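Take a look at the structure set out below.
Just so you know, these numbers come straight off a predicted model, no measurement behind them.
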Amino acid sequence: MAIVFIAPDGHIERTVEKLSGASREKIIVAQGLLESAISVARKYQEEAEVFISRGGTVLVLRQADLNIPIVEMQVTARDLAIALKKAEKLVKKEKFRIGVVSFPNMIQQLKDFLPFFSLDITCYELSIGEDVEKKLKLAMNDGMDVLLGGVTTYAFAKRNGLPVVLVESGETSVKYALEEAKRIVAAQRLKERRAEELRIITESISEAIIAVDEKGAISRMNNAARQLLSKSQYSFRDHGARGSSSSPRMGTEDASLPAALRDVIHEKKESRKIIELGNKRLLVNVIPVTVKGAVASSVATLQDVSHIQAMEEEIRREMYFKGYTAKFHFDDIVAHDPITQKTIDLAKRFASTNAAILIHGESGVGKEVFAQSIHSASKRSSRPFVAMNCAAIPESLIESELFGYVDGAFTGARKKGKPGLFELAHGGTIFLDEISEMPFHLQARLLRVLQEHQVMRLGDDKIIPVDVRIIAATNRDLPMLIKSGQFRNDLYWRLNVLNLYLPPLRERKKDILPLIHHMLHESDDCGLAPQISDDCKLYLESYPWPGNVRELKNFCERISAICDEPILTTVLAASLLQADNRAAERSEQKMGTELCSTFPPQIPKDIFSSSESLQNLVDSFGSIQAAAHYLGIHRTTLWRHLRKPDLAKRKQSGALQ
């Protein structure tokens, strides 16, 4: 494949050959002018990814319906200036009139520059097939002293002995055209690659996929769908596309949908139903394709119900007998801030032991990532890593999930029983997330397992020894829960052998920008990550990130959705973070050093000495919520401080610490 440059004259041909030597792309240069360029284009049509030419030749090529992109070489200001200088030397008069005779596209390019030249210039447009000599004579009869134009104008004027100057395309013009052609080629190849990837994906998956048009006729299907419909009891004609994965397209005369399937798809809405097709029961998922608010087509996936059941059983078997694995390691954690690096160093030291670990930190800081990394760095890394969120499982099921049960232990218990998570984690690590939500009556049993290293399934009288390391995590204040009677004191001290605190994102600001770059480059939705402006970097580092890394990931997902923006500005970032309009406008207006004053580099030591100091801080942020995030306290706490008129007196007496 190549870029084909159709040059109207030898000068441009030589310039292209000179510049194309260092190009990685294959560039073919051939001469062709107006209608003669069509035969040249036809010659290279199979090989060409894009054509380049200029002037009237571009117009002729576009009318030829080549179905290949055409890049038009533009006239630069330098090209025009050189041509005007030659015209001045040719006429040898202080004041003279210039007639520009050329095709509309070139005249339009020249018009962009003509206002900057204080010359008497008149434009005469040529059309394809027009008598050029007649137009030249018209210009001369109008009193033009010299003519200006492209290769066609120059050739006819010279033949008739008229004063004429050729507007030549210099190296800059050729470079611009080649760069534009390369961008088009790159975009086309990316599109073709993605289309081929999609084709391979649809053809390689086991699910049957059928696309139908607005009339319900099959427009595209994969091999799995062909085989499924061909084996059904219904008549199915597949002429010309059978066995050809590269040609899945079928016309209405070649394939028709079975009635049971057609009734589901014709509903033109998202649905999921089980239908009978021949001797098979199929799960049909229908997704309508909507274009500008109207359903243009539908895509249906068909799965054999018996295959789904077998696959589900296989997955469960794999989970039970092969165990669970951790996918994160310490190297996966983006750590540029010294606080994060110290936290990782401490976690690595913890990984070398077998003691229980209690991880605490705000929601979204990555507690499970650290738990998996600790397991991956420990001597138990080859053994299972089993995680359970104590808040995500109904209270009635937590006990059976943790400790398992035997056949007949309770109504609905599966035959042969089920091993609990402690059994599955034998020899490895069990991670109990949100341990604070563990029901109080189960905390005593969990404590006994931790002490005795033994479990007993529900409904059983046998003791099962287990060797499991416990890592628990919480975002709540467990000592306060102990005081309120919601958490056992003895269980707390059994879990809290080693304590790992994960700081919130606002306390490790040097990680924010590296995390954003990492997440954007890891995103599949964004081909090219946008640049971040300097003021936006300050804004992102100063934003409190109440949702921590989870909020940051959501923010990056939003950027990926609009990744056609080349630069991420403060205003755009604020809008993506769902800031109010006033905050966004303030961010736009207070760039540079003013932005730093909105988020002061450190908290003044006497900030709590008076309500006036606190109020000034709130005013600088624009809201109590933002100021509270910056101070690291709850908004209600800050509001109470603002309401106290005797702050200074209370501080002196030791009431405020």
Atom NZ of K553 with >12 non-hydrogen neighbours under 6.0 angstrom: no
Heavy-atom pair with the smallest gap, counting every atom of S376 and A326: OG-CB, 3.7 Å
Quick one: list whatever passes side chain to side chain donor-acceptor pair (under 3.5 Å) with E13, sequence neighbours left out. Q31
Any donor-acceptor N/O pair, R508 side chain to T340 backbone, under 3.5 Å: no
Decide side-chain contact (heavy atoms from CB on, under 4.5 Å) for R54 and I12; before the verdict, give the C-alpha distance in whole Å, the side-chain angles of both, and the deciding distance to 0.1 Å. CA-CA 10 Å; R54 76 167 219 169; I12 295 178; 3.9 Å; yes
For E192 and R189, what are the C-alpha separation, side-chain angles and deciding distance, and is it a salt bridge (Lys or Arg N to Asp or Glu O under 4.0 Å)? CA-CA 5 Å; E192 291 172 359; R189 290 176 182 174; over 6 Å; no
When you compare the side chain of N67 with that of D65, does any pair of heavy atoms fall below 4.5 Å? yes
Would you sort out whether K269 and V295 count as a side-chain contact (heavy atoms from CB on, under 4.5 Å), showing the intermediate values? CA-CA 9 Å; K269 64 180 181 180; V295 177; over 6 Å; no
Looking only at the side chains, is there a donor atom on one of D9 and Y154 sitting less than 3.5 Å from an acceptor on the other? no
Pick from I121, V167, T122: which one makes a side chain to side chain contact (heavy atoms under 4.5 Å, CB included) with V100? I121
Correct closest heavy-atom pair for L505 and V549 would be CD2-N, 4.3 Å
Locate the shortest heavy-atom distance separating I68 from A48; write the atom from each residue and the value. CD1-O, 3.7 Å
Do any side-chain atoms of residues 285-293 form donor-acceptor pairs under 3.5 angstrom with protein atoms, and if so which ones, sequence neighbours left out?
from, atom 1, to, atom 2, distance (Å)
N285, OD1, R272, NE, 2.6
N285, OD1, R272, NH2, 3.4

Output the distance between atom CG (L540) and atom CD1 (I532), rounded to the nearest 0.5 Å. 6.0 Å
Just by modelled atom types, is the T301 backbone N or O under 3.5 Å from a matching donor or acceptor in the E207 side chain? no
Should E17 and R14 count as an ion pair when the cut-off is N to O under 4.0 Å? no
The reported gap from CD in Q341 to CD1 in I333 (rounded to nearest 0.5 angstrom) is 11.5 Å
Provide the full list of salt bridge (Lys or Arg N to Asp or Glu O under 4.0 Å) pairs with a residue in residues 125-138, sequence neighbours left out, each pair given once. E130-K135
Could you walk me through whether R193 and E197 pass the salt bridge (Lys or Arg N to Asp or Glu O under 4.0 Å) check? CA-CA 6 Å; R193 189 198 76 193; E197 288 173 350; 3.3 Å; yes
Distance-minimising heavy-atom pair for P514 and H336: CB-CD2, 3.4 Å
Supply the atom-to-atom distance H517 NE2 to I512 CD1, rounded to the nearest 0.5 angstrom. 12.0 Å
Please assess N222 against T202 for the test side chain to side chain donor-acceptor pair (under 3.5 Å), listing each intermediate value before the final yes or no. CA-CA 6 Å; N222 64 353; T202 55; 5.7 Å; no
Sequence neighbours left out, what pairs pass salt bridge (Lys or Arg N to Asp or Glu O under 4.0 Å) with at least one residue falling in residues 152-165? none
Would you say F156 and L126 make side-chain contact, with heavy atoms under 4.5 Å? no
Is there side-chain contact between L302 and L261, with heavy atoms separated by less than 4.5 Å? yes
For D120 and R97, indicate whether the former's side chain and the latter's backbone hold a donor-acceptor pair under 3.5 Å. no
Full working for side-chain contact (heavy atoms from CB on, under 4.5 Å) between F103 and T152: CA-CA 9 Å; F103 294 95; T152 303; 4.1 Å; yes
Is the shortest side-chain heavy-atom distance between V369 and S373 below 4.5 Å? yes
Donor-acceptor contact present, side-chain S53 to main-chain I6, <3.5 Å: yes
Just do the side-chain contact (heavy atoms from CB on, under 4.5 Å) check on F5 and M73 with the steps written out, would you? CA-CA 10 Å; F5 205 120; M73 190 164 50; 3.6 Å; yes
Are the side chains of P8 and L33 in touch, meaning some heavy atoms are under 4.5 Å apart? yes
Could I get the full list of salt bridge (charged side-chain N to carboxylate O under 4.0 Å, His left out) partners for K93, not counting sequence neighbours? D145
With the side chain counted from C-beta on, respond yes when L515 and C556 share a heavy-atom pair under 4.5 Å apart, and no when they do not. no
Looking at S542 and K509, what are the two nearest heavy atoms and their distance? CA-NZ, 4.4 Å
Say whether, by atom type as modelled, one donor and one acceptor occur between the side chain of D213 and the main chain of S219 under 3.5 angstrom. no
Ion pair K537/E541, N-O distance below 4.0 Å: no
For E46, does the CD atom have more than 12 heavy-atom neighbours from other residues, nucleotides or ligands under 6.0 Å away? no
Just wondering, more than 12 heavy atoms not from Y176 lying within 6.0 Å of its OH? no
Quick one: which residue pairs count as a salt bridge (Lys or Arg N to Asp or Glu O under 4.0 Å) with a foot in residues 78-92, not counting sequence neighbours? K86-E168
Counting N and O atoms only, with roles assigned by atom type, does the side chain of T153 sit under 3.5 Å from a partner on the main chain of V101, one being a donor and the other an acceptor? yes
Report the distance from atom SG of C536 to atom CG of L568, rounding to the nearest 0.5 Å. 4.0 Å
Side chain T15, main chain E171, donor-acceptor under 3.5 Å: no
Quick one: are L80 and L148 in side-chain contact, heavy atoms under 4.5 Å? yes
May I ask you to decide if Q74's main-chain N or O and S173's side chain share a donor-acceptor pair within less than 3.5 Å? yes
N160 side chain to L162 main-chain N or O, any donor-acceptor pair under 3.5 Å? no
One should read off an interatomic distance between I516 CD1 and D511 CG, to the nearest 0.5 angstrom, of 11.0 Å
Are E47 and K26 side-chain neighbours, meaning at least one heavy-atom pair lies under 4.5 Å? yes
Name of the residue among V71, V50, I28 meeting side chain to side chain contact (heavy atoms under 4.5 Å, CB included) with I3: V50
Supply the atom-to-atom distance Q109 CD to E72 CD, rounded to the nearest 0.5 angstrom. 4.5 Å
Would the distance check show the side chain of N223 and the main-chain N or O of E203 forming a donor-acceptor pair, the cut-off being under 3.5 Å? no
Which heavy-atom pair separates G150 from S102 by the least distance, and what is that distance? N-OG, 4.3 Å
